[in-house]
Amino acid sequence: MNAIKEILLNGGCITAAHHQELKNDFPNLIVCIKWGQAQRELTSLKHLDSMIAMGEARGDYVREVFIPVGPLHKLRSVFGVTEEDQRAYYQELEMQQNLSGLS
């Protein structure tokens, strides 16, 4: 469940690691693929790998995968993720980034 909460805090962006963790628990979760050349495309997590493979077969590449705003808001409500949680998440990231710059 850490992956879903992290996704909800970071604005819906899904990394490859998140995808691997979530595809069994949330196979019907609708996500959007932002292609390098083609139009954005909606699919479910269970079909994401095959959609990416088809896109790469036609010579395209994935810029990002994210949860569209409608499902994102519903999930935030279900999991109780608030705007304050998001602010705290980004503040923590900024603090970590500032600390890593000191080394």
Side-chain angles (χ1 to χ4, degrees):
M1 283 305 169
N2 284 341
I4 192 71
K5 287 216 172 182
E6 187 172 327
I7 291 167
L8 298 177
L9 288 170
N10 75 17
C13 289
I14 299 175
T15 65
H18 291 144
H19 169 54
Q20 293 306 314
E21 188 174 331
L22 294 177
K23 70 180 179 182
N24 292 326
D25 295 330
F26 297 93
N28 295 318
L29 179 64
I30 299 298
V31 296
C32 183
I33 305 171
K34 183 176 178 184
W35 294 105
Q37 300 169 21
Q39 295 288 324
R40 293 176 184 195
E41 193 168 13
L42 294 176
T43 189
S44 64
L45 278 180
K46 68 182 170 190
H47 295 117
L48 182 61
D49 291 331
S50 61
M51 296 294 288
I52 290 173
M54 288 188 305
E56 289 174 346
R58 68 174 184 259
D60 210 342
Y61 63 96
V62 175
R63 287 185 182 263
E64 67 179 306
V65 176
F66 59 92
I67 301 173
V69 72
L72 182 64
H73 287 314
K74 287 178 186 174
L75 285 169
R76 282 184 180 152
S77 175
V78 167
F79 283 94
V81 175
T82 65
E83 288 183 23
E84 182 56 39
D85 295 330
Q86 258 189 302
R87 277 192 288 280
Y89 174 80
Y90 282 113
Q91 287 172 347
E92 176 68 24
L93 287 179
E94 185 177 12
M95 186 170 57
Q96 288 175 6
Q97 192 175 35
N98 289 341
L99 289 174
S100 69
L102 295 175
S103 345

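Computation of the quantities below employed the complete heavy-atom set of this structure, encompassing side-chain atoms and omitting hydrogens, waters and symmetry-equivalent molecules. Just so you know, these numbers come straight off a predicted model, no measurement behind them.
Atom CD of E84 has more than 12 neighbouring heavy atoms from other residues, nucleotides or ligands inside a 6.0 Å radius. Counted within 6.0 Å of CD on Q39, heavy atoms from surrounding residues, nucleotides or ligands total 12 or fewer; the atom is thus considered open.
To the nearest 0.5 angstrom, L48 atom CG is 5.0 Å from I33 atom CD1. In this structure, the separation between CG on L93 and CG on L9 is 9.5 Å, given to the nearest 0.5 Å. In this structure, CD1 on I14 lies 11.5 Å from CD on E21, to the nearest 0.5 angstrom. Here the OG1 atom belonging to T43 is positioned 7.0 Å from the CD1 atom belonging to I30, to the nearest 0.5 angstrom. The distance from atom NE2 of H47 to atom CG of N28, rounded to the nearest 0.5 Å, is 8.5 Å. Rounding to the nearest 0.5 Å places CG of D49 at 11.5 Å from CE of M51.
Between S44 and P27, the shortest heavy-atom contact is CB-O, 3.5 Å. In terms of heavy atoms, V31 sits closest to P68 at CA-CD, 3.9 Å. Between A3 and H18 the shortest heavy-atom distance is CB-CD2, 3.8 Å. In terms of heavy atoms, G59 sits closest to Q37 at O-NE2, 3.8 Å. For L45 against F26, the heavy-atom pair with the smallest separation is CD1-O, 3.4 Å.
Here Q20 pairs with K23 under the side chain to side chain contact (heavy atoms under 4.5 Å, CB included) rule; sequence neighbours left out.
When E41, E56, E64 are each tested for a side chain to side chain donor-acceptor pair (under 3.5 Å) with W35, only one passes: E41.
By the 4.5 Å heavy-atom criterion applied to side chains, Q91 and M95 are not counted as neighbours. Residues V65 and H19 fail the side-chain proximity criterion, which asks for heavy atoms closer than 4.5 Å. Side-chain contact between F66 and I7: absent, with no pair of heavy atoms (C-beta onward) separated by less than 4.5 Å.
Judged purely by atom type and a 3.5 angstrom limit, N10 uses its side chain to pair as donor or acceptor with the backbone of G12.
In terms of hydrophobic clustering, with Ile, Leu, Val, Met, Phe, Trp and Tyr side chains grouped at heavy-atom distances under 4.5 Å, V81 and Y90 are assigned to a common cluster.
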Report all side-chain donor-acceptor pairs from residues 71-80 shorter than 3.5 Å, counting only partners two or more places apart or in another chain.
residue, atom, partner, partner atom, Å
R76, NE, L8, O, 3.0
R76, NH2, L8, O, 3.1

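For Y61 and R63, the side-chain atoms include at least one donor-acceptor pair closer than 3.5 Å.
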